[in-house]
Amino acid sequence: GVEVGPQPQGVVRADTLDKMRKIVKHGLDFVQLFNEGREFPPCTIEVFKIMEKVDYPRNKNDEVIAIIHPKLQDQDWQPLNNGDPLFLTLDGEVIAYKGDCTVYPTFINEAAYYEKKQAFVKTVKMKLTAKHIRASVL
C-alpha cells in the first residue's frame, strides 16, 4: 500500500493525488526493470523510524488538558529539539519537548488518531544501506 499525505479526511487534493501516482509509477517501473534482470547499484536512503506514540496531556479524569502548540502544527517530518514547544494548555501554558535527541514528529494532530489517544508520533531519522540487487532472468 501507498499512503501519501497528510491531508484532511474525506478530501481529495490534486497535488497529493499526483504525488501518489508518481510513487506508484516508480514502484512499477522498478518491478519491471528488476524482472528484466537489471542490476541496481548499492544505495543509501534516509528513513524515519517510529519510536513512540505521544498522547495529549491529560488530567486524572483522562480529559485532554492541552492542544498541539501552533508552532508544532503542520510541521510533520520537521526536527523537534529539546525545549521546543509541544502543547499549549487551555490556560496558555506552553509544554515543551523534553528529550535527549532530535526527533521528527508526524501525524501531528490528525483527527483519525484523536480517539486513539495519539497527538503525534515521534520518529528518528536514520540511514539504511542496501547492497546491489539483481534478479536472474528466467
Sequence neighbours left out, what passes salt bridge (Lys or Arg N to Asp or Glu O under 4.0 Å) with Asp18? Give chain and number order. Lys22
Contact list for residues 117-130, test salt bridge (charged side-chain N to carboxylate O under 4.0 Å, His left out), sequence neighbours left out: Glu46-Lys125, Glu52-Lys122, Asp62-Lys117
Show every salt bridge (charged side-chain N to carboxylate O under 4.0 Å, His left out) that has at least one partner inside residues 24-33, sequence neighbours left out. Lys25-Asp29
Do [X] and [Y] land in one hydrophobic cluster if side-chain heavy atoms of ILVMFWY residues count as linked below 4.5 Å?
X	Y	value
Ile23	Leu17	yes
Met51	Leu80	yes
Val31	Leu33	yes
Val54	Val124	yes
Val121	Ile67	no

Which value, rounded to the nearest 0.5 Å, describes the distance between [X] atom [atom1] and [Y] atom [atom2]?
X	Y	atom1	atom2	result
Ile45	Leu128	CD1	CG	5.5 Å
Tyr56	Ile95	OH	CD1	12.5 Å
Ile108	Leu86	CD1	CG	9.5 Å
Phe48	Met126	CZ	CE	11.5 Å
Leu72	Gln78	CG	CD	10.5 Å

Taking the six-membered ring for Trp, are Phe107 and Tyr113 ring centroids under 6.0 Å apart? yes
Looking only at heavy atoms, the pair that brings Ala96 and Gly83 closest together is CB-O, 3.6 Å
Determine whether the side chains of Thr123 and Thr106 contain a donor N or O and an acceptor N or O closer than 3.5 Å. no
Sorted by chain and number, sequence neighbours left out, ring pair (Phe, Tyr, Trp, His ring centres under 6.0 Å) with Phe87 holds for none
Under the side-chain hydrogen bond (donor to acceptor under 3.5 Å, both in side chains) rule, what pairs show up with a residue in residues 79-100, not counting sequence neighbours? Asn81-Thr102
Could you name each residue pair satisfying side-chain hydrogen bond (donor to acceptor under 3.5 Å, both in side chains) that touches residues 63-74, not counting sequence neighbours? Asn59-Glu63, Gln73-Asn109
Look at atom CZ of Arg58 and say whether more than 12 heavy atoms of other residues, nucleotides or ligands are closer to it than 6.0 Å. yes
Report, as yes or no, whether the 6.0 Å neighbourhood of atom CD on Glu115 holds more than 12 heavy atoms from other residues, nucleotides or ligands. no
How far apart are the C-alpha atoms of Tyr114 and Val64, what are their side-chain angles, what is the distance that settles it, and do they pass the side chain to side chain contact (heavy atoms under 4.5 Å, CB included) test? CA-CA 10 Å; Tyr114 185 80; Val64 173; 3.5 Å; yes
So does Gly37 get a backbone contact from the side chain of Arg134, meaning a donor-acceptor N/O pair under 3.5 Å? yes
Does the side chain of Pro42 reach to within under 4.5 Å of the side chain of His132, using non-hydrogen atoms? yes
